[in-house]
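Below is one structure, written out as structure tokens; the observations come after it.
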Amino acid sequence: VSGIGNMIFQTWLMLGLWHFLLKVGRARDPQFMDLFAGGRFFVPGVLATILVNLIFGAIFLIGALPAGLVFVATQDQQAAVIALLVGVVIVLVPAIVVMLGLGQVQYLIVDRGVGVIESLRLSWTITSGNKLIIFVLGLVLGLLNLAGIVPCCLGLIVTIPFSVLA
């Protein structure tokens, strides 16, 4: 229950942050209260988060399925763990591709005011042909955020909003 509550609360805060940062990126006049303006995007934002998490869960469930079959057939835990590792490795690349393709869902909900399914479709469309660039950008921003941890996490005050804006 606390995990679901945390996901819902974080979604509301992130929707407000994206609303604020979209104004920053467009040189509009962002206000402090824009950080808490995620309410109007809340229902589609939460539903989109749940749907994307279900998609990822299904992908990794497919990767775990061979482990379950191996365990049922052999009752060998070691063989099942090896099958699980192999299955996860096999689905890792498709999962990353899906993650990159659906990574803009909530931004589109905030930016264009679209619904859940439309945001999924649009996110996949606008990232088509750009997934490698988005992946490399994510790695660079991840390293930047890692560097932000070094000075007692104070650098994250700058690097996280910059990463979200990027």
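All values reported here derive from a predicted model rather than from experimental measurement.
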State the [atom1]-[atom2] distance between [X] and [Y], to the nearest 0.5 angstrom.
X    : Y    : atom1 : atom2 : answer
I109 : R40  : CD1   : CZ    : 13.0 Å
T127 : M99  : OG1   : CE    : 11.0 Å
L144 : L137 : CG    : CG    : 10.0 Å

Which atom pair, heavy atoms only, marks the closest approach of [X] to [Y]?
X    : Y    : answer
A83  : A67  : CB-CA, 3.7 Å
M7   : N53  : SD-ND2, 4.0 Å
F135 : L100 : CB-CD1, 3.8 Å
A48  : V105 : CB-CG1, 3.5 Å
P161 : L21  : O-CD1, 3.7 Å
G103 : S123 : N-OG, 3.6 Å

(request) Go through the steps for I117 and L51 under the test side-chain contact (heavy atoms from CB on, under 4.5 Å), then give the verdict. (result) CA-CA 9 Å; I117 302 302; L51 186 55; 4.0 Å; yes

Should [X] and [Y] be regarded as members of a common hydrophobic cluster, given that ILVMFWY residues are connected when their side-chain heavy atoms come within less than 4.5 Å of each other, either directly or indirectly?
X   : Y    : answer
F9  : L47  : yes
V89 : V81  : no
L84 : F60  : yes
I59 : L69  : no
F32 : I160 : yes

Quick one: does [X]'s side chain get under 4.5 Å of [Y]'s, heavy atoms only?
X    : Y    : answer
L141 : F162 : yes
L156 : C153 : yes
I126 : L108 : yes
V98  : F56  : yes
R112 : E118 : no
Q106 : T11  : yes
Y107 : Q104 : yes
F36  : L13  : yes

(request) Test side-chain contact (heavy atoms from CB on, under 4.5 Å) on V52 and L120 and set out the steps. (result) CA-CA 9 Å; V52 169; L120 292 167; 3.8 Å; yes

(request) Mark yes when over 12 heavy atoms from residues, nucleotides or ligands other than Q78 sit less than 6.0 Å from its CD; otherwise mark no. (result)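 No - once you tally the heavy atoms of other residues, nucleotides and ligands closer than 6.0 Å, there are 12 at most.
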
(request) Could you tell me whether L139 atom CG has more than 12 heavy atoms of other residues or ligands within 6.0 Å of it? (result)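 Atom CG in L139 is packed in, count exceeds 12.
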
(message) Do the side chains of R26 and D111 get close enough for a salt bridge, i.e. N-O under 4.0 angstrom?
(response)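 So R26 pairs with D111 through a salt bridge.
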
(request) In plain terms, say whether D29 and K23 are close enough for a salt bridge, that is, a side-chain N and a carboxylate O under 4.0 Å apart. (result)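 No salt bridge links D29 with K23.
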
(message) Are W12 and F42, when compared by the centres of their aromatic rings, separated by less than 6.0 Å?
(response)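 No, the ring centres sit 6.0 Å or more apart.
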
(request) Scan L15, V110, D34, V164 and name whichever one has a side-chain contact (heavy atoms from CB on, under 4.5 Å) with F20. (result)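 By the side-chain contact (heavy atoms from CB on, under 4.5 Å) criterion, F20 pairs with just one of L15, V110, D34, V164: D34.
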
(message) Between S119 (side chain only) and V116 (backbone N and O only), is there a donor and an acceptor less than 3.5 Å apart?
(response)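 The answer is yes, because a donor-acceptor pair under 3.5 Å joins these two groups.
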
